[in-house]
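Following: one structure in structure tokens, then a few remarks.
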Amino acid sequence: MCGIVGYVGKHSPKDFLLNGLKSLEYRGYDSAGIALKNKHDLQIIKSVGKIKNLEEKVKNASLIKSNIGIAHTRWATHGAPTENNAHPHQVGKVTLVHNGIIENAGEIKERLLKEGYIFNSDTDTEVACGLINYYYDGDEIKAIEKAIEKLTGSYAFGIMFEGNEKLYAVRKGSPLIVGINDAENYIASDITAIINYTNKYILLDEGEIAVISDNEVEIIKDSKKINKEVLTADISAEAKDKQGYDHYMLKEIMEEPVLLENTLRPFLADISLIPDLREYEEVHIVACGSAMYAGMIGKSLLEEKASIKVMCELASEYRYKKVFYDRKTLVILVSQSGETADTIAAMRKAKENGIDTLAIVNVKTSTIARETDRQIYIEAGPEIAVATTKAYILQVAIFGLLAYRASNSINIISEIKKLPRYVNEILGDRDTYLKIAKEIYQNNDIFFIGRKIDYAICMEGSLKLKEVSYLHSEAYQAGELKHGTISLIDDGTPVFGIITDDDIRDKTISNIEEVKSRGAKVIIVSNRKVSGYDRQIIVPKISDYFQAILVVPCLQLIAYEVAKLRGCDIDKPKNLAKSVTVE
Ligand code: M6R
């Protein structure tokens with residue numbers, strides 16, 4: 001969600017900035033812009049739509065000689081995705097790019113209008129830019145400090161001032177790093193934008209201002225220079241290539257077996273590395289989107305297998321609702337990016353109430369990884385496709401381990417070790433998924449039905465399909481359909497019936513019969529054959545703790561094939577952002 005890159009060095013920043021924006025495309029955006037600068041001159045070029053539109057405009061422009069620059073991909077919040085609203089914004093001597101939302105932009109705008117300021121866009125960003133300019137009297141740090149004191153909301157800013165050759169950066173809520181190289185330095189929303197240039201970086205913390213020139217990076221906190229550790233990124237440039245696959249989504253699904261092996265290995269060697277949740281009377285699992293659906297699987301397993309009371313809640317609700325912390329509680333935050341604004345707010349709410357927090361997270365340098373009490377890392381590597389696939393599977397695997405560790409189960413370690421091989425087998429059956437995709441890709445409404453843990457699987461299957469293929473789909477508790485929704489089932493309506501839970505199997509089959517007899521085109525996904533159905537995907541049977549991991553990859557591949565048949569922008573679906581850093 002919004003991507004920022006910036007450059008200071010001896011060369012023209014153009015190529016670095018455009019390449020950086022392309023690396024951040026996965027975050028989601030609807031317009032883009034670039035500002036090139038030398039000590040006194042500034043040139044801003046913006047465009048709506050894809051980065052190639054911006055590239056085209058830059059190619060056709062007569063560019064100023066520059067050695068500093070900032071660029072931005074915008075995911076519209078305040079104001080439509082127009083060229084005017086695209087970043088960078090310039091007010092007076094200040095030019096900036098912004099990721100986040102300034103919540104009090106309205107009142108600041110009123111004040112600045114009275115001071116004679118004129119605004120050319122509908123954005124909160126231009127207001128922030130105006131405020132920094134308002135305080136600017138030649139001291140850049142003072143101007144930034146005074147302005148951020150007045151701003152509420154979230155921001156990562158890359159800022160340039162007329163008359164100097166430095167780049168300034170500051171953040172609150174939204175992520176930003178400073179890349180370190182010889183004779184040139186950078187800023188970026190995340191490491192993927194700079195990894196082809198350097199793997200050395202500084203994590204900018206809230207309240208710190210980075211002052212960046214071609215040969216020096218200073219970090220200022222409370223008006224004083226502080227020392228910050230220079231970190232080394234452990235991702236390779238290849239990890240973010242498609243490596244021959246048509247799409248990142250497909251590549252990332254295909255990585256699941258290896259990544260499962262890597263993620264599970266240390267825990268299978270020593271299960272005590274997994275926290276024993278029996279020390280808590282209650283667990284709250286809080287997350288957004290697919291991470292929440294992984295949490296629903298966790299809830300089901302922890303309740304059924306370990307008899308632990310679990311609440312699983314969307315972070316956007318949890319952060320504002322009345323939560324009773326009246327028992328010894330653990331809050332588990334699940335997040336691939338570790339930067340999801342609502343999940344961060346939920347984490348902070350738990351911490352303010354003195355509650356223990358545990359993260360199940362992919363990005364080790366993220367806010368959630370850094371601010372929780374304990375972390376379990378999924379070793380997914382960079383996930384570029386907006387639709388999460390491998391990270392979800394690994395999150396579910398961690399919940400399987402947490403439930404197993406907290407239960408009095410017989411030893412199933414040797415069975416767990418079979419998981420990667422089974423997933424590999426499932427992924428090999430692409431013809432079956434393509435055949436099913438061809439049968440459903442022209443339908444308008446698709447249903448996923450199941451009960452208990454199978455309903456949680458349905459939620460993820462349905463989300464995956466709708467986000468990449470733009471088809472309307474719904475996940476439903478199979479037993480609830482007849483209370484209203486079954487009226488939507490017509491002749492030929494595709495219904496995926498998910499059945500892995502043996503305890504409720506017969507009941508789910510009865511519910512599936514109900515839709516079949518109303519004309520539904522049923523596709524069974526189960527670990528055992530169901531008689532009377534032509535379309536069936538039968539996955540290997542494994543211990544209940546990990547059965548979901550053998551079902552969801554099939555649904556991911558079906559979603560992928562449907563999206564491909566419908567000609568969708570699979571890795572960057574419309575309106576979506578990879579990392580949702582605003583609330
Ligand atoms: O980075 P996070 O895991 O916190 O992201 C949470 C959701 O935004 C994310 O899972 C989203 O639902 C995906 N697009 C689903 O594929």
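Counting starts at 1 for both ligands and their atoms, following the listed order. We're numbering straight along the sequence, starting at 1.
Those atoms of ligand 1 with a heavy atom of Ser337 less than 4.0 angstrom away are 1 (O), 2 (P), 4 (O). Each of the atoms 3 (O), 10 (O) of ligand 1 lies under 4.0 Å from some heavy atom of Ala291. Residue contact check: Ala387 has heavy atoms under 4.0 Å from atoms 16 (O) of ligand 1. Heavy-atom proximity to Gly289, at under 4.0 Å, picks out these atoms of ligand 1: 12 (O). Close approach of ligand 1 to Lys464 is summarised as follows: ligand atoms under 4.0 Å from at least one heavy atom of the residue are 15 (C), 16 (O).
Residue contacts with ligand 1: Val580 is placed with no nitrogen or oxygen under 3.5 Å of a nitrogen or oxygen of the ligand (distance criterion only). Ligand 1 has no N or O atom lying under 3.5 Å from any N or O atom of Thr343, backbone or side chain. Polar contact with ligand 1: absent for Gln395 (N/O pair, distance under 3.5 Å).
You'll find the ring centres of His98 and Phe157 inside the 6.0 Å limit.
Note on ring orientation: taking the six-membered ring where Trp is involved, the planes of His472 and Phe447 are perpendicular (angle over 60°, cut-offs 30° and 60°). Under the 30°/60° scheme for interplanar angles, the aromatic rings of Tyr318 and His284 are found to stand perpendicular.
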Please test Val396 against Tyr293 for side-chain contact (heavy atoms from CB on, under 4.5 Å), starting from the C-alpha separation and ending with a verdict. CA-CA 9 Å; Val396 172; Tyr293 300 149; over 6 Å; no
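Residue Ser290 is tested with Gln395, Glu460, Gln336 for a side-chain hydrogen bond (donor to acceptor under 3.5 Å, both in side chains); the sole match is Glu460. Partner of Arg27 under the side-chain hydrogen bond (donor to acceptor under 3.5 Å, both in side chains) criterion, out of Thr192, Thr73, Asp190: Asp190 alone.
Of the heavy atoms in Lys578, none comes closer than 4.0 Å to ligand 1. Contact annotation for Glu339 and ligand 1: no heavy atom of the residue comes within less than 4.0 Å of the ligand.
With Asn53 contributing its side chain and Val48 its backbone, the two residues share a donor-acceptor pair below 3.5 Å.
Under a 4.0 angstrom heavy-atom cut-off, Val386 registers as being in contact with ligand 1.
Figure legend: cation-pi geometry between Lys309 and Tyr280 absent, as NZ or CZ is not positioned both under 6.0 Å from the six-membered ring centre and within 45° of its axis.
What sits closest to atom 3 (O) of ligand 1 on the protein, heavy atoms only, is Gln336 N, 2.6 Å. Of all protein heavy atoms, the one closest to atom 14 (N) of ligand 1 is Glu467 OE1, 3.0 Å. Counting protein heavy atoms only, atom 7 (C) of ligand 1 is closest to Cys288 O, 3.5 Å. Atom 5 (O) of ligand 1 has its closest protein heavy atom at Thr340 OG1, 3.5 Å.
Residues passing the ring pair (Phe, Tyr, Trp, His ring centres under 6.0 Å) test with Tyr26: none are found, sequence neighbours excluded. Taking Asp122 as the reference, Asn85 meet the side-chain contact (heavy atoms from CB on, under 4.5 Å) condition, with sequence neighbours excluded.
Proximity annotation for atom 15 (C) of ligand 1: of Ala341, Ala287, Ser290, Ser290 comes nearest, heavy atoms only.
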